[in-house]
Amino acid sequence: MGTIPLTEPAGPHAALAANDPRRVRRAVLAATGEARNDASATLTDAVTLMAAAVGAALEPLPGAGAAAIRNSTTLVCATVGSDDSPDPAGAVASLLDLVGATTMVASIGVPQQRLVSNALLAVETGAADAVLVLGGEAKASSLAARRNDLEAPPVPCGTGPDHPLVPVGELMAEPEIAAALWDPYAQYALIDSALALREGSSPRQLLAEVSELWRRFDRVASTNPRAAFTGPPHTAEDLATTTSANRLLAFPYNKWHSTQWALDHASALVICSEELALGAGIPAEELLHPQVALDSSFGTSLSRRAEPHRWPAMGVLGEAASTHLDTSLDEIATCEVYSCFPAAVRVQQRELGLDLAGTPTLTGGMPFAGGPFNHFTYMATDAVRQRMLGHSGVGPSGDLGLVTTVSGLLTKPGLMVWGREPHGDGALVADLAGAARGGTAEVAVAPFEPERGIEPGDTVLAATVTGGFDPKLFSLVDDREGIRHVVSAGAPEGDPADALGEVLADAAPHSENTRRNHPPQRDRW
């Protein structure tokens with residue numbers, strides 16, 4: 001079986017037109033399912049959970065509908081999780097006895113959105129009748145096994161995917177690696193620092209802002225019965241205060257500012273032709289129609305971005321989506337923005353023109369609902385579908401639903417919008433790498449110099465102090481010639497906010513409010 005390669009179509013924002021001869025039918029999101037496991041009771045593996053999620057997606061289908069979908073599934077797609085299984089799609093296909101199904105596996109560094117986009121193209125062009133898009137994680141089981149000196153269940157492995165998707169481009173520049181700036185929380189803390197500096201917020205104001213945002217996410221999680229890490233409500237002060245149970249990761253982030261991935265969870269999306277779904281007995285009002293499915297295979301590492309507080313590639317996706325939908329994305333109330341760290345949400349709000357005082361989550365986000373290593377996008381899609389169809393206990397919510405994806409360290413974006421009705425011009429499905437590259441300004445980065453500190457004449461763009469056993473002060477600075485440097489030094493003594501205040505004191509030229517220099521996307525639509 002072949003699939004249409006997902007490449008940027010002619011023109012920066014061109015859709016696969018409704019009358020395009022390659023588009024022979026409509027693709028729909030017919031069903032979603034999830035599977036969870038309590039590792040304190042029993043240990044499991046990710047593949048078993050993914051198979052269970054497929055069962056959960058198909059079980060509600062009426063009559064012989066589940067068998068019709070299962071028998072028509074000719075493509076199984078899966079993301080690689082933290083267990084290093086090289087072919088989870090093949091393993092699930094074997095476990096479910098999907099004889100002859102073609103498999104596609106996305107490695108780390110490929111946006112989770114890409115599998116959904118390829119599934120839509122495969123169905124719409126007739127290359128597949130039904131597609132399973134899967135992600136699974138058994139991190140809680142693996143940690144429980146290690147802590148209790150037990151043997152974790154073996155992970156079933158396939159024979160190798162028919163279509164392996166491997167990332168292109170750079171995830172992390174060599175100077176970042178040489179400086180040991182590889183922890184995600186440190187890089188995201190630098191991004192938040194750069195954003196605060198650009199908007200004129202002090203380190204203490206930044207801490208208050210990210211903690212207030214996360215307090216609102218926590219409140220949403222408290223209403224989500226599926227949320228994995230809820231407890232007594234967190235106040236903003238609780239989140240901002242460093243304690244033994246809320247240790248410093250990298251200022252302004254403590255433990256509860258970070259995604260929490262120690263859970264056993266799997267998601268399954270069933271994407272098929274509209275005809276097959278209706279023939280399987282699924283009511284038309286239960287189907288969601290793709291409006292936009294976008295990502296960018298172009299990515300550049302943090303230290304190379306001329307403006308480390310920005311993510312122009314996501315802005316490109318947002319503008320393309322808004323143009324196709326003829327609406328601003330901030331008008332879509334049913335929304336789940338990828339939320340691994342506060343910087344991810346805060347930067348996306350600005351690039352997509354979302355309300356900066358809003359709380360763009362239905363689940364409560366990755367710190368409180370749970371952040372599976374490489375399939376939160378599918379977990380979010382399930383939540384958006386449940387809300388749109390009124391299955392989440394709060395009634396139907398709007399005609400559109402938005403889900404975003406972060407791949408890497410604000411490296412490669414993804415964005416999809418689902419609708420209750422099909423789009424008149426068909427779904428916009430594209431890799432907008434060309435436009436993303438064209439909109440992203442890059443700078444030269446000098447090789448890492450272990451003895452280099454912040455020197456007179458340097459412009460400090462971002463800084464953070466990490467915690468742990470080997471605390472560090474990391475900075476991004478531009479020298480007088482505009483060459484970027486990654487600076488690493490021992491952490492200063494005392495309160496991190498005070499230390500960073502001193503480091504950033506000479507960065508006044510960068511404190512101009514970014515909202516004046518970089519207007520929200522909606523102002524340009």
Side-chain angles (χ1 to χ4, degrees), residues 1-7 33 35 44-55 57 69-123 125-139 141-142 151-171 264-272 295 297 299 372-378 405 407-408 412 414 431:
M1 186 209 76
T3 59
I4 300 297
L6 182 53
T7 56
T44 190
D45 67 272
V47 169
T48 299
L49 279 173
M50 282 187 272
V54 174
I69 297 290
R70 183 189 294 266
N71 293 338
S72 300
T73 298
T74 51
L75 176 61
V76 179
C77 305
T79 55
V80 169
S82 66
D83 58 17
D84 296 325
S85 173
D87 184 17
V92 173
S94 177
L95 201 60
L96 297 179
D97 199 26
L98 299 176
V99 179
T102 299
T103 57
M104 180 179 292
V105 173
S107 299
I108 305 301
V110 175
Q112 297 164 37
Q113 173 63 44
R114 179 56 60 95
L115 290 182
V116 178
S117 299
N118 276 345
L120 294 172
L121 286 178
V123 170
T125 59
D129 296 318
V131 182
L132 299 178
V133 178
L134 311 171
E137 190 61 55
K139 190 67 175 179
S141 282
S142 63
E151 185 173 344
V155 181
C157 294
T159 58
D162 299 300
H163 298 284
L165 302 183
V166 297
V168 296
E170 178 183 72
L171 176 62
D264 292 348
H265 180 273
S267 296
L269 312 182
V270 179
I271 294 173
C272 67
D295 66 37
S297 58
F373 177 58
N374 198 29
H375 75 270
F376 181 78
T377 295
Y378 311 147
T405 299
S407 180
K412 299 175 183 178
D431 174 358

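Please read all numbers here as calculations on a predicted model, not as lab measurements.
- Here the closest non-hydrogen pair linking Val105 and Ala89 is CG2-CB, 3.8 Å.
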- Please assess Thr405 against Gln113 for the test side-chain hydrogen bond (donor to acceptor under 3.5 Å, both in side chains), listing each intermediate value before the final yes or no. CA-CA 7 Å; Thr405 299; Gln113 173 63 44; 4.5 Å; no

- Could you walk me through whether Leu165 and Met104 pass the side chain to side chain contact (heavy atoms under 4.5 Å, CB included) test, one step at a time? CA-CA 7 Å; Leu165 302 183; Met104 180 179 292; 3.8 Å; yes

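- Remark: the backbone N or O of Lys139 is paired with a side-chain donor or acceptor of Ser142 at under 3.5 angstrom.
- In this structure, the side chain to side chain donor-acceptor pair (under 3.5 Å) partners of Thr48, at least two apart in sequence or on a different chain, are Asp45.
- Listed here is the closest heavy atom pair of Cys157 and Ser85: SG-OG, 4.1 Å.
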- Task: Check the pair Asp431, Arg114 against salt bridge (Lys or Arg N to Asp or Glu O under 4.0 Å), reporting the backbone distance first and the verdict last.
- Result: CA-CA 8 Å; Asp431 174 358; Arg114 179 56 60 95; 3.0 Å; yes

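- Proximity of a side-chain donor or acceptor of Gln112 to a complementary backbone N or O of Thr377 within less than 3.5 Å is detected.
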- Passes side chain to side chain contact (heavy atoms under 4.5 Å, CB included), Asp129 versus Thr73? Steps please. CA-CA 6 Å; Asp129 296 318; Thr73 298; over 6 Å; no

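- To the nearest 0.5 Å, atoms OH (Tyr378) and OG1 (Thr79) are separated by 5.0 Å.
- Counting all heavy atoms, side chain and backbone alike, Phe373 lies closest to Ser82 at CD2-N, 3.5 Å.
- Of all the heavy atoms in Leu75 and Ala128, the pair that sits closest is CB-CB, 4.3 Å.
- Between Ala119 and Ile271 the shortest heavy-atom distance is CB-CD1, 3.9 Å.
- Nearest heavy atoms, Ile69 versus Cys272: CD1-SG, 4.0 Å.
- Shown here are the side chain to side chain donor-acceptor pair (under 3.5 Å) partners of His375, two or more places apart in sequence or in another chain: His265.
- With hydrogens and angles ignored, the 3.5 Å screen pairs no side-chain donor or acceptor of Lys412 with any backbone N or O of Asp295.
- The line from CG of Asp87 to OG of Ser94 is 10.0 Å long, rounded to the nearest 0.5 Å.
- Under the salt bridge (charged side-chain N to carboxylate O under 4.0 Å, His left out) criterion, Asp162 pairs with no residue, sequence neighbours left out.
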